[in-house]
Every structure is written in structure tokens, then in C-alpha cells.
Amino acid sequence: MNFQAYIQQFEQILNTSDRQAPYDNEDYFNYTKLNWSRMNRWLKKGEILPHIKEKIQSITEKQEWIVITEPWCGDASHIVPFIHMVAELNPLIHVDYELRDSEPFRINDYLTNGGKAIPKLIIKNDKGEDLASWGPRPVECQLLYKEMHENEVPFDEVKIRLQNWYNEHQGVEIQEEIIGLI
């Protein structure tokens, strides 16, 4: 699906009274509402760095970007808007958004440490060959997450600390790491 279809699916989850799994679970539904706000905030206020714009606009061959995500994913709410804004800078970049928990289950080919961590960005050339794979978080944020996981930090604190990290870094590392793949 394209970005607009992803947004429409997100809105449908939030606006339907007949919630399907996992959104029939109140926690997942509440994460999704929060993520909707986060994502839209970045879409309105996120800024793409000038050297990132220049690098993306200099791409001269078609690329297929595949973003594996889910509306309930907190990390995706911070990362997907920047992927979208960066890709929009060059018409040679086509982006397809796939849900991790729906067919074609491409995430199974791009596991992180054996897990289905998202979001995941896969960049392919015009022949369908993988050029790069990235995710689920910027390196520094992933190290923070790993440290908290190893120290058995309570999940509620993990969520807050990751949210704070994303807010402090304003998408800079996300952009820098994506451009490092090009």
C-alpha cells in the first residue's frame, strides 16, 4: 500500500467501533491513538536536513523502498514519518508500506536478532535486488533499548525513555542512518 492507504488504514482502526485483533485489546488501541498523534506531529513539524535533501535528490536510478510497520508500533510512529518525508524528495523512489502481521509476511526474511522487530526499511534496486535493510531503530536508540532490556527496566519506563530519546533527537539519527544506506 502507499502512504495514503497506510494513513487511511490507521484512521479506520481509530474510527471503527468493531475493532479487530489486536486493536480489540485496549492497550493496543490506546498505543495506536497515541502513535497517530506522534506520527502527525512529526509530519507537521519534522524537518529534513539540507544535506539529506541534497543526497536524496541526487539519486538517479529507481529504487523500491519497502516499509514494514504496524500502527500500534511506537517506534514506527517516530520513524515512518521521516522515511515518508525523505522518500517524497525524489520521484525515483517508490515506497510500499506493508503490515508486519499481514501477508506477505516479508518480515520473516528481515528478522532482527531472530525477532520480528519493526519498523523495517528495505531498499531494493529496479531489478528487485536488496541494496540495504535498516531498522527497527537508530543505532543509539537500539543500544538504549538493549541496555534497558538487559537491566529488566519496567516496560512503562522503557516506553517513556524511548519517547524522550526520539523527542530529543528530532529525527536526525533516523535521517543520517537512512542516508548512510544510499
Side-chain angles (χ1 to χ4, degrees), residues 3 6 10 27-28 30-32 34-59 63 65-90 93 95 97-101 106-124 130-182:
F3 188 71
Y6 177 64
F10 216 126
D27 288 336
Y28 274 90
N30 288 332
Y31 294 146
T32 304
L34 185 58
N35 293 340
W36 177 255
S37 296
R38 290 172 175 161
M39 183 178 66
N40 281 294
R41 183 190 64 192
W42 288 123
L43 289 170
K44 289 177 187 168
K45 298 186 181 226
E47 294 183 19
I48 304 303
L49 302 168
H51 71 282
I52 302 293
K53 286 181 185 176
E54 185 178 316
K55 179 76 173 177
I56 291 295
Q57 291 170 340
S58 73
I59 293 171
Q63 293 184 356
W65 290 16
I66 300 162
V67 179
I68 303 173
T69 187
E70 285 284 347
W72 51 256
C73 178
D75 292 290
S77 70
H78 297 283
I79 295 169
V80 168
F82 284 99
I83 293 172
H84 170 70
M85 290 185 292
V86 166
E88 286 285 292
L89 296 170
N90 191 319
I93 299 172
V95 185
Y97 294 82
E98 295 180 1
L99 299 179
R100 183 193 83 170
D101 300 330
R106 191 185 310 260
I107 191 67
N108 293 326
D109 297 329
Y110 297 94
L111 301 178
T112 301
N113 299 321
K116 297 180 180 183
I118 55 173
K120 189 68 94 169
L121 170 64
I122 299 116
I123 300 176
K124 295 179 174 284
D130 285 4
L131 298 175
S133 173
W134 179 89
R137 299 177 184 93
V139 171
E140 186 180 319
C141 186
Q142 184 67 9
L143 290 172
L144 172 64
Y145 176 81
K146 183 179 177 191
E147 176 187 314
M148 289 188 292
H149 182 71
E150 289 170 354
N151 291 318
E152 299 179 3
V153 173
F155 185 61
D156 285 343
E157 184 179 336
V158 169
K159 291 187 301 186
I160 291 168
R161 289 181 63 191
L162 290 177
Q163 171 68 26
N164 289 339
W165 188 92
Y166 284 112
N167 287 340
E168 289 170 15
H169 292 262
Q170 300 287 305
V172 171
E173 282 83 356
I174 297 165
Q175 295 175 58
E176 294 289 356
E177 290 186 24
I178 291 170
I179 208 67
L181 303 172
I182 307 298

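Residues take their numbers from the sequence shown, with the count starting at 1.
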Looking at side-chain heavy atoms only, is the closest gap between [X] and [Y] below 4.5 Å?
X	Y	value
Val139	Leu143	yes
Lys116	Asp101	no
Thr69	Arg100	no
Trp65	Val86	yes

Taking ring pair (Phe, Tyr, Trp, His ring centres under 6.0 Å) as the test, write out the residues that go with [X], two or more places apart.
X	answer
His51	none
Phe82	Trp42
Trp134	none
Tyr166	His78

Distance, nearest 0.5 Å, that separates [atom1] of [X] from [atom2] of [Y]:
X	Y	atom1	atom2	value
Leu89	Lys55	CG	NZ	14.0 Å
Ile123	Ile66	CD1	CD1	10.0 Å
Leu34	Asn30	CG	CG	8.5 Å
Leu49	Ile174	CG	CD1	11.0 Å

With sequence neighbours left out, what residues match [X] under side chain to side chain donor-acceptor pair (under 3.5 Å)?
X	value
Arg38	Asn35, Gln163
Asp109	none
Arg106	Glu98
Asn151	none

What is the minimum heavy-atom distance between [X] and [Y], and which atoms define it?
X	Y	value
Pro136	Ile79	O-CD1, 3.3 Å
Ile56	Ile93	CG2-CD1, 3.9 Å
Val67	Ile83	CG2-CG2, 3.7 Å
Lys120	Thr112	NZ-OG1, 2.7 Å
Gln175	Glu47	NE2-O, 2.9 Å
Pro71	Phe10	O-CZ, 3.6 Å

- Test log, rule side-chain contact (heavy atoms from CB on, under 4.5 Å), inputs Leu162 and Arg137: CA-CA 10 Å; Leu162 290 177; Arg137 299 177 184 93; 4.1 Å; yes
Flag yes if more than 12 heavy atoms outside [X] fall under 6.0 Å of its [atom1] atom; otherwise flag no.
X	atom1	value
Glu152	CD	no
Asn108	CG	yes
Gln57	CD	yes
Glu140	CD	yes

Residues which pass salt bridge (charged side-chain N to carboxylate O under 4.0 Å, His left out) with [X], listed by chain and number, not counting sequence neighbours:
X	answer
Asp130	Lys124
Lys159	Asp156
Glu168	none
Arg41	none

- Message: Is there a side-chain contact (heavy atoms from CB on, under 4.5 Å) between His84 and Val95? Walk through the geometry before answering.
- Response: CA-CA 8 Å; His84 170 70; Val95 185; over 6 Å; no
- Where does the angle between the aromatic ring planes of Phe3 and Tyr6 fall among parallel (under 30°), tilted (30 to 60°) and perpendicular (over 60°)? tilted
- Task: Measure up the Trp165 and His169 rings against each other and bin them: parallel (under 30°), tilted (30 to 60°), perpendicular (over 60°).
- Result: parallel
- Steps toward side-chain contact (heavy atoms from CB on, under 4.5 Å) verdict (Tyr28, Glu70): CA-CA 11 Å; Tyr28 274 90; Glu70 285 284 347; over 6 Å; no
